[in-house]
Amino acid sequence: MLLPCTEILIVDHHSSDATQRIARQYGARIVASPSLGYSGHYLDQTCHDWILCLDPSESVTEGLQATLFEWRVNVGRKCRG
């Protein structure tokens, strides 16, 4: 799960599974990837300074999810002064 993330951007490489439906359930923004070419330009479409990129075969463990929640809470406290 990517619940600790403020923004979720899915670069869909023409999947034929339920990727788009599931992504929309979590409020993700979906952009289609061209067949060929560098897909790193999608990073320019994000709104935040810190970016976690995952390949389709990767997932976030429960431990990493907990760490991300903790980091987000601590960063939020520092930003509010």
Side-chain angles (χ1 to χ4, degrees):
M1 291 286 174
L2 295 174
L3 297 176
C5 298
T6 304
E7 175 186 29
I8 301 172
L9 174 67
I10 303 292
V11 179
D12 187 12
H13 295 270
H14 311 287
S15 63
S16 59
D17 58 9
T19 297
Q20 291 190 14
R21 179 182 55 80
I22 294 168
R24 284 189 185 99
Q25 288 176 344
Y26 287 94
R29 188 164 47 105
I30 304 165
V31 294
S33 171
S35 299
L36 300 172
Y38 172 66
S39 61
H41 70 276
Y42 294 108
L43 298 177
D44 295 336
Q45 296 184 25
T46 61
C47 301
H48 304 280
D49 295 332
W50 193 88
I51 300 169
L52 171 65
C53 297
L54 297 174
D55 285 331
S57 61
E58 296 177 309
S59 61
V60 175
T61 64
E62 288 182 22
L64 177 56
Q65 182 174 324
T67 300
L68 290 172
F69 270 120
E70 182 179 332
W71 178 81
R72 185 172 174 191
V73 167
N74 290 333
V75 168
R77 285 186 185 147
K78 289 178 186 174
C79 291
R80 287 190 287 271

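Note: hydrogens, waters and symmetry copies are ignored here, and every other heavy atom, side chains too, is used.
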Does CD belonging to Glu62 count more than 12 external heavy atoms closer than 6.0 Å? no

Looking at Gly63, is its backbone amide N or carbonyl O close enough to the side chain of Thr67 to form a donor-acceptor pair, meaning the two atoms are under 3.5 Å apart? yes

Contact between Thr19 and Ile10 at the side-chain level, heavy atoms closer than 4.5 Å - yes or no? yes

For the atom pair CG (Asp17) and CG (Asp12), what is the distance rounded to the nearest 0.5 Å?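 Taking CG in Asp17 and CG in Asp12, the distance rounds to 7.5 Å.
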
State, to 0.1 Å, how close Ile30 and Arg24 come at their nearest heavy-atom pair, and which atoms those are.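 What the structure gives for the nearest pair is CD1-CG, 3.9 Å.
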
